[in-house]
Amino acid sequence: MSAIQVLPKLLGQDWSCWTCDSKPAAGVATPAADEATTGCTINSVESRTEHDDSGSNLDKAIPPCHCLTSASIEDSLDEDSVQNVISEADQRMLRVERRRWTLQREAAEQTSRKQELLELIRQTSIEHQGPPLFREAQGPANRFGSTARFPPFDKSKHVPVLALINRGSGAMAGADILAVAQKMPYYQDRFFNIIDVVRDRRRGGLMDVFRQQLNAAREEAKARGLRPRLISGGGDGTASFALYVIFAALSADPERADEGLADAGNGFIWSDEELSDFFPAIAQMPLGTANDFGANLGWGRKYPGAAALGHIQTSKRASLAEQALQQWISAVISPESHVVGFDVWGFMPAPGAEACDFKLCELGGERGWNPKANIEGTQHLVMKRAALPVPLFACLYFSAGFYGHLVSRFQINRRRNPFSNILEYARHIVGILSETKPPELNEGLEGVTVSCGDSTYFPPRSSEGNEARRYREVGFCNVNGKYVSGADRAPAAARVCACGARETPRFNDAKIDMFRAKTISPLKNLGIKWKTDKTEGPMTLTFAGGKGKGLFFQWDGEARFAFNPKGDPFNIHIKKILNIPVVLGPEFDVKVTGHPKSGADCNFAFCGEAAQEKEAARSRVLRCVRQELNTELNASREEILAAGFLCQEG
């Protein structure tokens with residue numbers, strides 16, 4: 001008995017044909033059950049067995065057929081029965097036919113999933129491009145004017161660009177800029193609210209839309225031999241946040257490999273070569289308070305058009321602001337703007353460790369002058385669970401001690417107006433200096449030691465009795481800030497007369513500029529300009545304060561409180577992990593950026609002296625975007641309480 005005779009009996013169907021495109025009997029579902037076909041001619045069994053088990057030459061030997069389904073064969077075929085009634089050749093044919101239909105079913109499912117994804121992305125894109133009705137209905141008029149426009153984008157002349165903007169930054173200036181983008185072709189597809197992108201990571205959500213546009217920008221740039229650019233709009237911390245979003249968009253997902261998220265062999269959907277050549281160059285739009293990142297890159301300390309809003313003639317304010325915004329955008333998309341390399345430092349496990357040995361929380365408490373809680377006459381810090389992001393990228397600076405405490409108090413009292421934020425900083429400087437030290441903190445930096453490379457940096461001259469408790473701050477600068485800056489260590493005479501060149505921090509020299517400060521340091525240094533020491537890194541800060549003690553630190557304007565739940569010593573280890581490309585604005589200073597045509601590397605790269613260190617940096621970034629570092633670093637409520645701290649509900 002042949003396979004032609006056996007199959008109908010095994011499947012319980014009265015088949016007239018199983019090798020053509022004709023419809024199956026009623027009740028049998030196939031991928032093409034609704035196709036109308038006629039005119040079947042059944043070839044001999046022998047002519048359909050000229051193939052091997054791997055299915056080679058299958059298309060030539062057996063014409064396509066949709067009369068059977070893989071499910072039907074799998075559910076109905078009894079291997080023992082088949083072996084008793086059909087030949088070995090027919091068995092091979094059945095196996096190949098099963099394989100054929102399995103592949104056809106998978107292909108049909110894959111096509112269906114792709115169509116579904118495209119529809120979801122289309123719907124999300126429409127929502128993304130829609131006007132911010134709530135902003136227009138409830139908020140003030142757009143400061144750039146109701147008819148404000150960006151410069152028209154010419155794909156043959158301009159550099160492909162995207163934007164990730166914090167709509168709430170700059171007293172809602174970010175929202176106004178996004179509103180202008182939504183009215184313009186090209187920009188309406190490429191400008192995103194960074195908060196919305198991070199929150200909408202569902203399949204077909206805004207993260208998928210951003211990924212689609214990022215891939216499109218890469219292809220456009222590749223066709224013209226350029227590197228795409230990305231505007232990071234917000235405060236100084238937005239730059240690190242934008243990097244996180246880019247990496248999240250480019251991270252591979254094996255479960256969605258058939259949807260363009262297949263691993264290129266490095267954990268990302270772009271190859272190492274593509275990352276190197278087309279990782280977007282960052283242009284920082286200054287929408288925060290200090291805006292140190294934007295200022296150091298030459299994009300200014302105030303958002304484009306801010307100066308025009310102080311114009312005495314109200315009728316001209318919006319027009320002048322729009323002109324400034326257009327000039328700013330024009331500089332970003334101009335191929336004449338320079339691209340240079342930028343060192344990104346990162347929080348890594350200490351050498352020999354697989355994970356960090358500290359936990360993080362944030363300062364809690366009520367808004368106002370003093371967030372501490374009074375317990376039996378003693379002022380205690382109140383903690384709460386740390387929010388995202390977890391610390392990984394340190395683009396601008398890091399410090400532990402006073403400034404970390406200050407930023408923690410500011411985060412509770414943040415205002416919507418930049419000037420009000422400056423007043424908040426001043427108020428809490430006075431508060432920290434005048435209030436009694438809480439028991440959760442040591443005196444000064446007692447218990448802190450810092451090493452850079454193989455040498456001890458802090459406390460200095462410890463063999464001579466110099467104590468860490470006399471210092472309030474230790475850290476490093478990658479750039480100079482608005483309120484605190486640094487220059488190479490020099491004698492008092494050189495600092496007073498400004499004779500001789502004191503080198504300032506450079507963001508692309510692969511070095512960190514370490515500093516340490518006491519309360520009286522501003523008086524000794526004749527201003528808030530720290531004496532810095534260039535080091536190669538890495539930097540390791542060790543805190544041995546005991547149980548119930550911790551340490552405030554800040555990076556790029558974000559603050560956390562670090563502690564070990566058991567009271568054991570812990571290490572904050574920071575090293576260079578990335579080289580990223582950045583776009584220089586028209587106000588860049590060669591003393592700060594270096595000469596843009598110096599030949600310095602401006603490609604993207606994971607950094608390390610050895611391949612193992614580069615792999616560790618890559619792995620850490622992937623763990624971050626997969627949110628695996630959240631559990632490693634952020635303390636639970638139970639861990640906060642176990643360490644002996646008060647913990648705020650929620």
Side-chain angles (χ1 to χ4, degrees), residues 113-114 117-118 120-121 124 162-164 190 192-219 221-222 227-230 232 238-282 344 346-349 354-355 388-395 577-581 603-608 611 613-634:
R113 278 176 52 84
K114 286 183 178 180
L117 177 62
L118 290 174
L120 290 172
I121 290 177
T124 303
L162 301 97
L164 291 168
R190 298 286 173 92
F192 295 83
N193 179 345
I194 190 170
I195 304 298
D196 289 347
V197 173
V198 172
R199 288 176 176 172
D200 192 6
R201 300 181 69 167
R202 62 189 167 87
R203 181 171 176 266
L206 207 53
M207 180 67 80
D208 280 0
V209 177
F210 174 74
R211 180 186 301 110
Q212 185 183 65
Q213 294 298 328
L214 182 59
N215 285 333
R218 177 197 62 186
E219 294 306 312
K222 182 186 296 185
R227 179 186 298 277
R229 297 174 181 179
L230 183 139
S232 163
T238 309
S240 298
F241 200 11
L243 285 177
Y244 171 88
V245 174
I246 295 171
F247 283 120
L250 295 179
S251 61
D253 183 351
E255 295 183 358
R256 297 181 59 188
D258 60 341
E259 297 178 350
L261 298 183
D263 193 336
N266 54 7
F268 298 98
I269 62 175
W270 289 7
S271 67
D272 289 339
E273 183 179 359
E274 288 175 320
L275 287 172
S276 175
D277 295 342
F278 303 110
F279 191 93
I282 306 297
V344 177
F347 292 75
M348 299 288 289
E354 295 183 358
L388 299 179
V390 295
L392 176 59
F393 306 119
C395 296
I577 61 171
L578 297 174
N579 187 81
I580 65 169
N603 286 340
F604 170 86
F606 292 104
C607 297
E613 293 181 349
K614 296 178 182 179
E615 171 60 22
R618 184 193 63 82
S619 176
R620 192 73 175 174
V621 170
L622 286 171
R623 290 195 63 204
C624 181
V625 298
R626 293 168 183 165
Q627 302 184 349
E628 297 173 6
L629 297 187
N630 299 358
T631 303
E632 176 186 324
L633 294 175
N634 285 348

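By the 4.0 Å N-to-carboxylate-O rule, R256 lies close enough to D208 to be salt-bridged with it. Ion pairing of R113 with D258 is present here, as a side-chain N (NZ or NE/NH1/NH2) and a carboxylate O approach within less than 4.0 Å. Using a 4.0 Å cut-off between a side-chain N of Lys or Arg and a carboxylate O of Asp or Glu, E259 and R211 do not qualify as a salt bridge.
Inter-residue side-chain proximity for C607 and E613 is flagged as unmet; no heavy-atom pair is nearer than 4.5 Å. A 4.5 Å side-chain heavy-atom check between W270 and N215 finds at least one atom pair inside the cut-off. Taking 4.5 Å as the limit, some side-chain heavy atom of R201 sits within range of a side-chain heavy atom of Q627.
Counting only distance, with no hydrogens or angles, the side chain of D263 and the backbone of N266 share a donor-acceptor pair below 3.5 Å. Put simply, the side chain of S271 never gets that close to the backbone of A264: no donor and acceptor are under 3.5 Å apart. A donor-acceptor pair is defined here as one N or O able to donate and one able to accept, closer than 3.5 Å; such a pair exists between the side chain of R227 and the backbone of D277. Looking at T631, its side chain never comes within 3.5 Å of a backbone N or O of E628 through a donor-acceptor pair.
The line from CZ of R626 to OG of S619 is 7.5 Å long, rounded to the nearest 0.5 Å. Expressed to the nearest 0.5 Å, how far OG1 of T238 lies from CD1 of I195 amounts to 8.0 Å. The CD1 atom of I194 lies 4.5 Å from the CG atom of L164; values are rounded to the nearest 0.5 Å. Taken from OG in S276 to CG in N603, the straight-line distance is 4.0 Å, to the nearest 0.5 Å. Remark: F279 CZ to R218 CZ distance equals 13.5 Å, nearest 0.5 Å.
Evaluation of the ring pair (Phe, Tyr, Trp, His ring centres under 6.0 Å) rule for F210 yields F192 as partners, not counting sequence neighbours.
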(request) Check the pair C624 / N630 against side-chain contact (heavy atoms from CB on, under 4.5 Å), numbers first and verdict last. (result) CA-CA 8 Å; C624 181; N630 299 358; over 6 Å; no
(message) The test is side-chain contact (heavy atoms from CB on, under 4.5 Å); show your working for R202 and M207 and say whether it passes.
(response) CA-CA 8 Å; R202 62 189 167 87; M207 180 67 80; over 6 Å; no
